[in-house]
Protein chains: 2
Amino acid sequence: MTLKYEPVVTQSVAKQISEQIRRSITNGSLKADDKLPTEAELARQFNVSRPTIREALKRLAAKSLIRSRRGPTGGTFVRAPSMEDMSQDLISSVALMVSLGVFDLTEIAEARHELELACIRLAIKRRTGAETNRMAAEINLQKDQSLTDEEFCASDVRFHRALVDATHNPVMQFQMFTVIEALQPVENMVIFRFRQRKKIIEQHEKILHALLARDLARAEKAIDEQMVYLRESFSQAQEWRRKRDEAKRTASPT
Amino acid sequence: MTLKYEPVVTQSVAKQISEQIRRSITNGSLKADDKLPTEAELARQFNVSRPTIREALKRLAAKSLIRSRRGPTGGTFVRAPSMEDMSQDLISSVALMVSLGVFDLTEIAEARHELELACIRLAIKRRTGAETNRMAAEINLQKDQSLTDEEFCASDVRFHRALVDATHNPVMQFQMFTVIEALQPVENMVIFRFRQRKKIIEQHEKILHALLARDLARAEKAIDEQMVYLRESFSQAQEWRRKRDEAKRTASPT
DNA sequence: ATTTCAATATTTGTCAAGCAAATTAACGCA
DNA sequence: TGCGTTAATTTGCTTGACAAATATTGAAAT
């Protein structure tokens with residue numbers, strides 16, 4: 001019997017080094033804005049060559065854990081990852097998963113709906129004029145007929161981000177931004193073809209008014225309505241795509 | 001007047017290349033398990049040296065977008081990132097942010113509470129025997145007096161993961177696992193000292209029974225109770241820490 | 001003819017030394 | 001004092017080579 005291929009347990013030296021530095025950051029021995037030794041020095045300390053050190057550092061750079069600058073005052077510095085960085089990272093990752101079909105569109109929509117309900121509950125309690133003003137401004141913008149579809153869609157995203165901000169909970173914001181941004185390409189697909197701006201604006205207004213009145217029941221109802229309409233648009237879009245594919249098949253049968 | 005330092009807009013060649021390959025994966029020109037050209041070939045195509053190509057590839061490897069193997073049938077392959085990979089990545093990132101104090105503990109707890117409410121709503125509708133059985137098994141385990149604190153805590157996490165699984169929504173699972181796992185170290189801190197297992201088990205049982213009866217109102221109440229108790233434990237822990245620090249200060253004044 | 005083992009080819013992993021580019025600090029000069 | 005120039009330092013990148021892992025091929029032995 002021949003032995004099957006067993007995945008090698010020994011990781012590359014570069015990976016081990018990057019993990020070690022990563023741990024130093026995680027456990028606090030390396031703090032934000034600390035300067036790492038120069039690459040040459042690291043190479044000496046770890047007893048490896050400089051390219052190997054560089055591979056290790058690039059892994060960390062990919063995760064926004066360090067940043068490098070050239071010059072005498074340059075070097076490699078620990079970078080406290082901001083929420084923005086991580087948000088962007090997460091968004092692009094989730095977007096990739098969506099494009100790979102790991103997540104179903106209806107699943108994303110459902111999750112977004114439930115999470116938005118969670119947000120609105122906090123937002124009702126915590127919202128300030130700053131956020132409701134932003135939302136009102138976006139609604140106003142959306143009423144402008146000369147807006148392109150892209151601009152309208154961007155405004156829609158900003159409206160929902162303002163809603164999330166109204167929770168005044170960074171964890172909530174971090175989680176929701178991903179869902180909102182990851183869903184946007186999908187929404188774009190649908191919005192351009194099947195959704196009526198008037199209806200969307202009406203729903204936005206209902207949400208805003210409920211928020212202004214701090215009326216949870218009305219807000220929840222408005223969010224629910226949104227979901228119903230999104231679902232309708234989805235099935236319309238799917239129907240349309242089905243017909244288009246069928247037409248294509250009859251035109252050129254395999 | 002001397003010009004301020006302006007961040008260089010030109011990105012490193014390695015970064016550009018990694019971005020280009022990344023785009024190829026995102027837009028579908030490179031699919032999962034596709035083999036990239038050899039490093040030597042890539043170096044020729046991009047007209048750079050092999051170490052530079054390697055730096056670019058390591059950036060992608062850090063994000064679990066590719067994997068490499070040596071040998072004649074080896075090479076670099078596109079890797080469809082699994083939900084597990086991304087979950088792990090996200091968890092460690094959030095854990096880092098927590099340790100850096102980007103998120104407040106009470107904020108995390110609040111978010112977890114609201115998100116768990118969102119989960120329970122779906123779980124009430126979708127749960128199957130598989131999940132409720134897992135939850136029952138964990139409760140049973142938790143009643144074992146000989147369990148260490150660590151084991152009890154791990155079981156607690158598994159209980160809540162089962163709850164999340166009951167939503168049968170991968171997006172929800174992806175989001176929640178992060179919150180659950182990121183909160184765990186914090187919970188550990190508290191659970192070992194101030195939380196009574198009996199009370200936690202009672203709460204778990206309430207949740208399970210509500211889920212079995214598909215009774216949303218009761219489930220929401222159980223989740224709320226959980227939150228109240230967690231908050232109590234937090235303030236107890238903070239009080240304890242305050243006193244300890246004070247004692248330390250009087251013992252050795254600066 | 002089949003099995004076993006060793007040589008070989010291929011590809012990633014690592015090393016070595018050095019030049020290029022960016023950036024600051026020190027220095028010389030007006 | 002103030003301003004341009006040079007030197008020093010550090011990352012970015014190149015070239016060339018060897019090491020290690022792994023599959024294939026071919027030869028020898030049963």
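Note that this is a predicted model, so its numbers are computed, not measured. Protein chains get the first letters and strands the later ones, always in sequence-line order, with residue 1 at the start of each. The analysis underlying the following values was restricted to heavy atoms, covering all of them including side chains, and did not include hydrogens, waters or symmetry mates.
Checking D/dA8, D/dA19, D/dC13 against the side-chain heavy atoms of A/P72 singles out D/dA8 as nearest. The listed nucleotides are C/dT12, C/dC15, C/dA21; the one nearest the side chain of A/R70 is C/dA21. Across D/dC13, C/dT14, C/dA16, the shortest atom-to-atom separation from the side chain of B/E55 is found for D/dC13. Here the side chain of A/A14 is nearest to one of C/dT14, D/dT15, D/dG12, namely C/dT14.
In this view, B/I91 and B/Q88, B/T178, B/E181 satisfy the side-chain contact (heavy atoms from CB on, under 4.5 Å) rule, not counting sequence neighbours.
In this structure, the side chain of B/E41 does not engage the main chain of B/T38 through any donor-acceptor pair within 3.5 Å. For the pair A/E55 (side chain) and A/T52 (backbone), a donor-acceptor distance under 3.5 Å is absent. A donor-acceptor pair under 3.5 Å is absent between the side-chain atoms of A/R67 and the main chain of A/F77, judged by distance alone.
Atom C1' of nucleotide C/dT14 and atom CD of B/E39 are separated by 11 Å, given to the nearest angstrom.
Between A/R54 and the phosphate of D/dG12, there is a side-chain N or O to OP1/OP2 separation shorter than 4.0 Å. Remark: A/R69 is not in phosphate contact with C/dA22, judged by side-chain N or O atoms under 4.0 Å from OP1 or OP2. A close approach under 4.0 Å does not occur between any side-chain nitrogen or oxygen of B/T38 and OP1 or OP2 of C/dT10.
At a cut-off of 3.5 angstrom, the base of D/dG12 holds at least one donor-acceptor pair with the side chain of A/R50.
Contact annotation for B/K15: no contact, since no heavy-atom pair falls under 4.0 Å across all strands. Nucleic acid contact for B/K35: none, since no nucleic acid atom lies under 4.0 Å from a heavy atom of the residue.
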Using a cut-off of under 3.5 Å, enumerate the N/O to N/O pairs linking the protein to nucleotides 3-7 of chain D.
none

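Relative to the axis of its first five pairs, the axis of the last five pairs of the helix from C/dA1-D/dT30 to C/dA30-D/dT1 sits at 20°, rounded to 10 degrees.
Taking the nucleotide of DNA chain C with the nearest heavy atom to each of A/V48 and A/T73, the more 5' of the two is matched to A/V48. If you find the closest nucleotide of DNA chain C to A/S49 and to B/L36, the one lying nearer the 5' end belongs to B/L36.
Between B/F174 and the choices A/L90, A/V102, A/V179, the side chain to side chain contact (heavy atoms under 4.5 Å, CB included) rule is met once, by A/L90.
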